[in-house]
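Each remark here refers to the structure printed beneath this line.
Proteins come first, then strands; the chains are lettered A, B, ... in the order of their sequence lines, and each starts at number 1.
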2 protein chains.
Amino acid sequence: MTEFDQLFKALNITEKSLQEKILKVGIVQTVPKNSFIIEQERYIKWLALVITGKVRVWQENEDRQILLYYVNPVHTCVLSLSATFRDCKSLVNAKTEEETIIVKIPVRYVTEWSFEYKSWNNFTTNSFIFSYEDLLHSYKNLAFSKIDKRLLDYLQSESKTNQTSFINLSHNQLAKEIGTTREVISKILKQFELSGIVNLKFKEIELL
Amino acid sequence: MTEFDQLFKALNITEKSLQEKILKVGIVQTVPKNSFIIEQERYIKWLALVITGKVRVWQENEDRQILLYYVNPVHTCVLSLSATFRDCKSLVNAKTEEETIIVKIPVRYVTEWSFEYKSWNNFTTNSFIFSYEDLLHSYKNLAFSKIDKRLLDYLQSESKTNQTSFINLSHNQLAKEIGTTREVISKILKQFELSGIVNLKFKEIELL
DNA sequence: TCTTACCTGTATCAAAAGGTACAGGTTTAA
DNA sequence: TTAAACCTGTACCTTTTGATACAGGTAAGA
């Protein structure tokens with residue numbers, strides 16, 4: 001199964017003529033680990049769809065970062081999507097966390113197809129909806145939850161998505177997900193350990 | 001000019017057949033000040049479009065609130081929009097701040113039309129895009145800015161949208177916009193006054 | 001007029017989060 | 001094997017934010 005077939009299947013693209021167009025203008029690209037897909041303040045020329053791998057999308061300040069979301073197979077970064085509808089600079093950064101295969105579509109087709117093909121329309125609409133709700137959820141968390149709660153939520157959701165109770169991230173990496181500093185994470189993790197919620201090892205956190 | 005005409009004009013709806021459909025299924029409703037349009041955890045049956053007036057959309061916890069956005073003429077609440085695409089409970093509250101005239105469209109048509117009519121498609125897509133970017137902006141602010149900065153930003157943007165340097169809100173109301181408590185707002189405003197940034201009167205803040 | 005509800009200012013204390021500093025562990029690659 | 005880069009733990013202090021409490025002002029309606 002080619003990358004395109006995977007794409008068609010995942011997005012439910014059954015229209016033959018759309019498939020042909022995608023085959024014609026889409027570009028399959030293998031992006032090595034830790035490469036930037038988008039950088040804050042730069043223009044977006046392609047819509048990138050992740051076929052395999054994982055892309056981290058975040059925002060940053062001078063000295064802090066905060067995670068927005070991960071793009072997993074087979075999804076797209078909603079912000080490139082949004083950017084494709086109007087020529088503008090990216091508000092975020094996106095970087096591969098593993099070797100990642102993407103399909104790139106030039107932005108001009110994205111809008112066109114969304115009115116022409118039902119499946120493409122569904123894809124774009126759903127991307128917006130789910131991303132919006134996801135961001136809304138993060139916003140609420142940020143507004144109302146203390147850091148310890150947010151950290152625990154993060155660990156639990158990591159554990160769940162990776163099907164393992166071991167989380168292999170440094171305190172520094174966690175700080176950049178949550179939007180705080182390393183020391184704060186270390187302190188809270190230590191409290192968690194004393195409360196019997198986790199086991200701490202070097203670069204490894206076990207959820208109990 | 002009827003409410004519908006205003007709607008057609010604002011959303012650039014030129015297709016005659018869509019206009020007819022909207023006239024047929026749309027309902028014009030005058031909602032008094034301080035009425036709920038949507039409540040958290042309740043199902044959404046209509047897409048509401050604000051023709052005149054103002055609707056506040058927020059999230060709340062047990063004891064706190066935080067503003068999401070205002071819906072002004074002629075826009076819609078993106079969250080009702082998102083909800084119309086999939087049957088689900090509302091994640092937010094929406095309440096009129098003034099007497100407000102809305103046009104209600106039953107949810108089932110919203111999706112249908114978005115594929116059938118270019119103008120409607122643009123409307124829904126643009127709503128998603130702008131709302132997403134707006135929320136993203138708020139998220140970044142919340143993550144990286146202290147309360148004083150956020151308060152000042154809020155005051156300045158209020159002043160700008162209302163074309164006046166006087167903001168007639170109580171400290172309590174401000175606290176609910178920013179997501180903090182009244183005392184914190186009072187303290188910061190007092191600092192602002194000492195720094196010569198504002199003048200404080202009863203229920204009135206003048207930006208200098 | 002009086003009551004009631006809401007508004008503002010402020011002092012004090014407590015908790016949450018961040019900054020600085022340092023000691024020592026682990027990994028990697030030269 | 002050694003240096004460099006990164007990791008963890010922790011102590012101490014500061015700033016930010018929140019909670020509690022109280023005094024007194026303002027507005028609106030009975």
Side-chain angles (χ1 to χ4, degrees), chain A residues 33-34 60-67 97 140-155 158 166-207, chain B residues 33-34 60-67 97 140-155 158 166-207:
Chain A
K33 189 171 167 174
N34 290 327
E60 64 184 34
N61 224 10
E62 308 85 53
D63 54 346
R64 295 272 181 89
Q65 292 192 0
I66 191 161
L67 174 70
E97 293 238 310
K140 189 172 181 179
N141 250 329
L142 192 53
F144 298 133
S145 304
K146 304 250 158 80
I147 294 184
D148 56 352
K149 166 88 162 52
R150 291 198 289 127
L151 177 57
L152 189 55
D153 283 354
Y154 181 85
L155 294 175
E158 269 301 285
F166 295 92
I167 293 126
N168 294 297
L169 292 170
S170 74
H171 298 184
N172 207 352
Q173 286 173 303
L174 284 170
K176 289 184 175 177
E177 302 291 90
I178 305 290
T180 181
T181 59
R182 200 269 306 170
E183 293 79 357
V184 172
I185 297 290
S186 293
K187 235 183 282 186
I188 295 175
L189 281 177
K190 203 34 123 182
Q191 286 169 21
F192 284 174
E193 191 176 43
L194 293 175
S195 317
I197 302 174
V198 300
N199 262 338
L200 300 182
K201 286 167 209 155
F202 189 77
K203 275 197 154 197
E204 181 166 283
I205 298 161
E206 183 188 2
L207 266 175
Chain B
K33 189 173 168 174
N34 290 327
E60 63 184 34
N61 224 11
E62 308 86 53
D63 54 347
R64 295 273 181 88
Q65 293 191 359
I66 192 161
L67 174 70
E97 293 238 311
K140 190 173 180 178
N141 250 331
L142 192 54
F144 298 132
S145 304
K146 304 248 160 81
I147 293 184
D148 55 353
K149 167 88 163 53
R150 291 198 288 127
L151 177 57
L152 189 55
D153 283 354
Y154 180 86
L155 293 175
E158 268 301 283
F166 294 92
I167 293 126
N168 295 298
L169 291 171
S170 73
H171 299 184
N172 207 352
Q173 285 172 305
L174 285 169
K176 287 183 176 177
E177 301 291 89
I178 305 290
T180 179
T181 58
R182 200 269 308 170
E183 292 78 358
V184 172
I185 297 288
S186 293
K187 233 183 285 187
I188 295 175
L189 281 177
K190 204 33 127 182
Q191 286 169 22
F192 284 174
E193 192 177 43
L194 293 175
S195 317
I197 302 174
V198 299
N199 262 340
L200 299 182
K201 285 168 210 154
F202 189 76
K203 272 199 157 195
E204 179 167 282
I205 298 161
E206 183 189 1
L207 265 175

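A donor-acceptor contact shorter than 3.5 Å links the side chain of B/R150 to the backbone of B/I178. Although no hydrogens or angles enter the test, the distance criterion places no donor-acceptor pair under 3.5 Å between the side chain of A/E204 and the main chain of A/K201.
Note that CZ of A/R64 is 8.0 Å distant from CG of A/N61, once rounded to the nearest 0.5 Å. Remark: A/I167 CD1 to A/K203 NZ distance equals 14.5 Å, nearest 0.5 Å. Atom CG in A/N168 sits 9.5 Å away from atom CD in A/Q173 (nearest 0.5 Å). Separating the CD atom in A/E60 from the CZ atom in B/F144 is a distance of 8.0 Å, to the nearest 0.5 Å.
Contact annotation: the side chain of A/L189 never approaches that of A/I197 to less than 4.5 Å [non-hydrogen atoms, C-beta and beyond]. Contact check for A/T181 versus A/D63: no side-chain heavy atoms found under the 4.5 Å cut-off. Using a 4.5 Å cut-off on side-chain heavy atoms (C-beta onward), B/L151 and B/F192 make contact. Side-chain contact check for B/E158 versus B/Y154: some heavy-atom pair is nearer than 4.5 Å. Residues A/I188 and A/I185 have side chains not in contact (no heavy-atom distance under 4.5 Å, counting atoms from C-beta outward). In this structure, B/L207 and B/F166 have side chains that are not in contact, with every pair of non-hydrogen atoms separated by 4.5 Å or more. Contact of the B/I205 side chain with the B/N199 side chain is not registered, since no non-hydrogen atoms from C-beta on lie closer than 4.5 Å.
For DNA chain C, the residues of residues 167-177 of chain B within the heavy-atom distance limit of 4.0 Å (strictly under) are B/S170, B/H171, B/N172, sorted by number. Of the residues in residues 187-201 of chain B, those lying under 4.0 Å from DNA chain D by heavy-atom distance are B/K187. For the segment residues 141-155 of chain A, no residue has any heavy atom less than 4.0 angstrom from an atom of DNA chain D.
Note on residues 181-197 of chain A: pairs passing salt bridge (charged side-chain N to carboxylate O under 4.0 Å, His left out), not counting sequence neighbours, are A/K190-A/E193.
Along DNA chain D, read 5' to 3', the first and last nucleotides having any atom under 4.0 Å from a heavy atom of chain A are D/dC7 to D/dT10.
Both A/D63 and B/E183 lie close to DNA chain C; mapped to their nearest nucleotides by heavy-atom distance, the more 5′-ward contact belongs to B/E183.
Overall, the helix from C/dT1-D/dA30 to C/dA30-D/dT1 carries an axis bend of 30° between its ends, with five pairs at each end and the value rounded to 10°.
Contact annotation: A/R64 side-chain N/O to C/dG18 OP1/OP2 distance is under 4.0 Å.
When A/L152, A/T180, A/L142 are each tested for a side chain to side chain contact (heavy atoms under 4.5 Å, CB included) with A/I147, only one passes: A/T180.
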